[in-house]
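Just so we're on the same page: letters track the sequence lines, and every chain starts at 1.
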Amino acid sequence: MSEPALKKVSAKPDLLLSTHHSLCPGCGEPLALRVILELLAELGVAERTICVCGIGCYTAFPGIIDVDVLQALHGRAPSVATGAKRVLPDRFVFTLQGDGDMVSEGLQEIIHCAARGERFTAVLLNNGVFGETGGHMTTTSVLGQRTKTTMDEGRVAEKHGYPIKIADLVALVDGSSYVARGAMHTPAAIAWTKRILGEAFRVQLEGQGFSFVEILTMCPTDWYVEPSETPDWIEQNFTGTYPLKILKSP
Amino acid sequence: MTRVLMEGSHAIAEAAIQAGCRFYAGYPITPSTEILEYMSHRLPQVGGVCMNAESELEAINMVWGAAGCGVRAMIASTGQGISLMQESFAELANAEIPCVIVNMMRGQGDYYQATRGGGHGDYRHIVLAPHTVQEAVDLVMLAFHLADRWRNPALVLGDFVLGHTSEAVEFRQRDESDLLPKTWAATGKGTRKSHNVTPLGAPQKLDLKPGDHYQAIAAKLPRLAAAESRAETGLLDDAEVAVVAFGSPARFVKFAVHACRAQGMKVGWVRPISLWPFPAETVAAAAGRVRALAVFEQNAGQMIDDVRLAVLGKVPVVPIGGISHDPSGFGVGPALAPANIIAKITEVYRGKAAA
Amino acid sequence: MLRLGTMPRQPATVTIDIETCKGCVLCVEVCPPRVLLMSEDTNRMGYRYPLLLDGCTGCELCYKICPDYCFEVYRGPAEADA
């Protein structure tokens with residue numbers, strides 16, 4: 001019997017320049033990055049991609065991805081992407097932002113860009129905390145969630161208000177074309193997210209207006225659980241408030 | 001060369017377009033609003049983009065995006081709008097993204113904000129202060145050139161008077177052949193290596209070295225300062241007193257100085273044109289010739305600090321300006337009246353004013 | 001009746017960059033044939049890392065779930081035993 005030839009079917013994306021990103025064990029953000037880089041290669045747009053990156057743990061990514069990056073300040077990526085896409089409309093422009101960046105600091109920016117129907121794609125990595133500063137409450141932290149600023153009782157509505165479902169708000173605004181939510185905590189969720197990201201990217205490539213994808217990512221460090229417990233954590237605590245679905249499509 | 005009669009704000013906007021500005025973002029705020037209005041009408045005519053942004057913070061970051069992609073971009077506002085944008089200015093300097101910022105002041109109270117920078121860190125803007133509409137046209141076009149040459153934001157300090165004064169102006173094209181192409185811009189990698197445009201470190205992938213990057217930016221500033229100092233002086237040869245003033249009030253000061261001369265007083269002027277870098281050598285040289293310097297500015301005393309630093313106690317430095325507004329608060333105040341300025345200069349000349 | 005010996009066997013394996021692994025165990029949890037097992041030893045960073053047992057099907061789920069891009073997955077063509 002001859003030895004079968006084994007073909008390499010999976011390896012790190014060509015657009016990834018290094019696997020060393022210093023993010024935590026079990027972090028969901030590099031999983032989202034993998035899916036994005038795979039899609040950029042599959043769609044053949046890497047040469048004309050401008051990634052507008054926000055400030056958070058994922059700010060480690062611009063140094064290790066083989067596409068041009070315009071680094072923005074905290075909350076400001078949608079405005080920077082507006083300037084870029086308006087002056088270079090044939091480039092593929094997407095923002096990469098965390099929930100603290102997009103929904104706390106930058107809430108008005110993303111709503112205004114959606115209303116204007118700006119022709120870039122906004123990608124939200126939502127883990128319900130300000131990870132880079134150590135795990136503090138953001139606008140998307142869910143009720144009951146213990147964070148560095150809600151350690152004693154978790155988030156309670158009377159003191160800390162309610163989370164904002166940004167994808168729902170963006171879908172409500174008339175200028176948005178495609179709005180969807182995915183997650184990275186199970187293989188099925190990852191496959192779903194790759195599908196919706198591909199649809200969102202195609203909306204931009206076909207000139208159909210503003211597209212938005214929210215991706216729930218695991219943060220075992222700031223959820224105070226083991227990485228292996230994060231899929232259950234997402235199912236029990238997050239997907240009730242943030243269900244995986246397509247909220248709007250053209 | 002044709003001359004066109006234009007209101008100051010419109011002339012500033014047209015100068016930007018003549019300099020190749022193809023992106024403008026702004027927020028309506030008096031007295032800069034006419035620049036936004038003009039751009040919204042004129043920029044699309046030349047294939048540019050004008051954004052009436054929803055806030056100052058969003059506007060400056062749209063400029064960040066356009067300029068970061070290599071397009072000449074501008075924003076205009078007034079003092080409190082400029083205050084809102086300070087984090088972005090500081091980091092635009094760190095990212096070495098060139099852009100032009102116009103502050104149409106209400107009075108002259110934004111000198112510190114412009115020259116010290118209201119943001120964090122060791123950055124500086126190039127600051128240019130025109131005193132006529134023609135000079136505003138020339139300095140806006142120069143600002144785009146210097147911003148690109150040094151990869152640093154450049155700020156043009158105008159005001160309400162300048163914005164609403166109409167003059168016949170010429171748009172004179174500069175020789176910009178010394179500028180390098182913007183290969184650093186984020187445009188999609190194409191066939192070159194990918195790179196970053198970032199305030200956080202060097203543009204290459206993998207080894208960003210933020211500490212080295214910040215030091216390199218700071219090291220650029222003394223070279224910039226040595227090369228871009230600008231000032232104008234007049235009637236200094238035999239002057240016993242010189243008046244230091246910037247911006248459109250300097251125009252009133254020149255008139256007052258001539259009137260003093262007609263009365264037999266030996267008075268001259270020093271007009272800083274670049275406020276950063278401040279023309280300290282010019283002021284120091286004037287201090288070497290006179291027995292007192294009078295500083296006329298429409299604020300509680302800001303440029304006078306830089307004058308005192310340049311003079312280092314050689315001669316008395318006397319403030320003769322002050323906050324002076326019209327009833328609506330926009331800076332066309334009674335202190336500008338030539339009779340007032342003449343009286344103040346006379347006090348200094350006769351040794352009756354306190355330093 | 002099931003006749004063993006005619007079922008197609010798809011050879012597959014993975015390589016694991018154990019020095020980049022941060023010991024999150026997500027791969028062990030996600031592996032359908034359960035052929036990954038955490039080591040007792042630690043790598044240079046101090047993390048335990050997965051070891052591969054026999055029976056890998058090349059499903060690529062470990063590759064997809066690993067935040068540190070440690071896996072490369074190899075699959076050969078399926079062939080029946082003689």
- Message: Nearest 0.5 angstrom please: M184(A) CE to I65(C) CD1, how far?
- Response: 8.5 Å
Side-chain donor-acceptor distances from residues 26-35 of chain A under 3.5 Å, at least two apart:
unit_1: E29(A); atom_1: OE1; unit_2: Y58(A); atom_2: N; d: 3.3
unit_1: R34(A); atom_1: NH1; unit_2: Y63(C); atom_2: O; d: 3.1
unit_1: R34(A); atom_1: NH2; unit_2: Y63(C); atom_2: O; d: 3.1
unit_1: R34(A); atom_1: NH2; unit_2: K64(C); atom_2: O; d: 3.1
unit_1: R34(A); atom_1: NH2; unit_2: C66(C); atom_2: O; d: 2.7

- Do you know which of G58(C), C24(C), C70(C) has the most heavy-atom pairs under 4.5 Å to chain A? C24(C)
- Message: For the interface with chain A, which of D17(C), T20(C), V25(C) has the highest count of heavy-atom pairs at distances below 4.5 Å?
- Response: T20(C)
- Task: Could you tell me which residues in residues 219-234 of chain A have at least one non-hydrogen atom under 4.5 Å from a non-hydrogen atom of chain C, sorted by residue number?
- Result: P227(A), S228(A), T230(A)
- Just jot down the side chain to side chain contact (heavy atoms under 4.5 Å, CB included) partners of R91(A), sequence neighbours excluded, or say none. R48(A), I50(A), L88(A), V93(A), T187(B)
- Enter the distance from L26(C):CG to H185(A):NE2 here, rounded to the nearest 0.5 Å. 11.5 Å
- Query: Is the number of heavy atoms from other residues, nucleotides or ligands under 6.0 Å of K148(A) NZ greater than 12?
  - Reply: yes
- Sequence-distant partners of Y242(A), ring pair (Phe, Tyr, Trp, His ring centres under 6.0 Å), two or more places apart: F238(A)
- Using non-hydrogen atoms only, which part of H20(A) is less than 4.5 Å away from chain C: side chain, backbone, both, or neither? side chain
- Message: Can you tell me which portion of S22(A) sits under 4.5 Å from chain C's heavy atoms? Options are side chain, backbone, both or neither.
- Response: backbone
- Looking at V14(C), L61(C), V73(C), which hits side chain to side chain contact (heavy atoms under 4.5 Å, CB included) with S10(A)? V73(C)
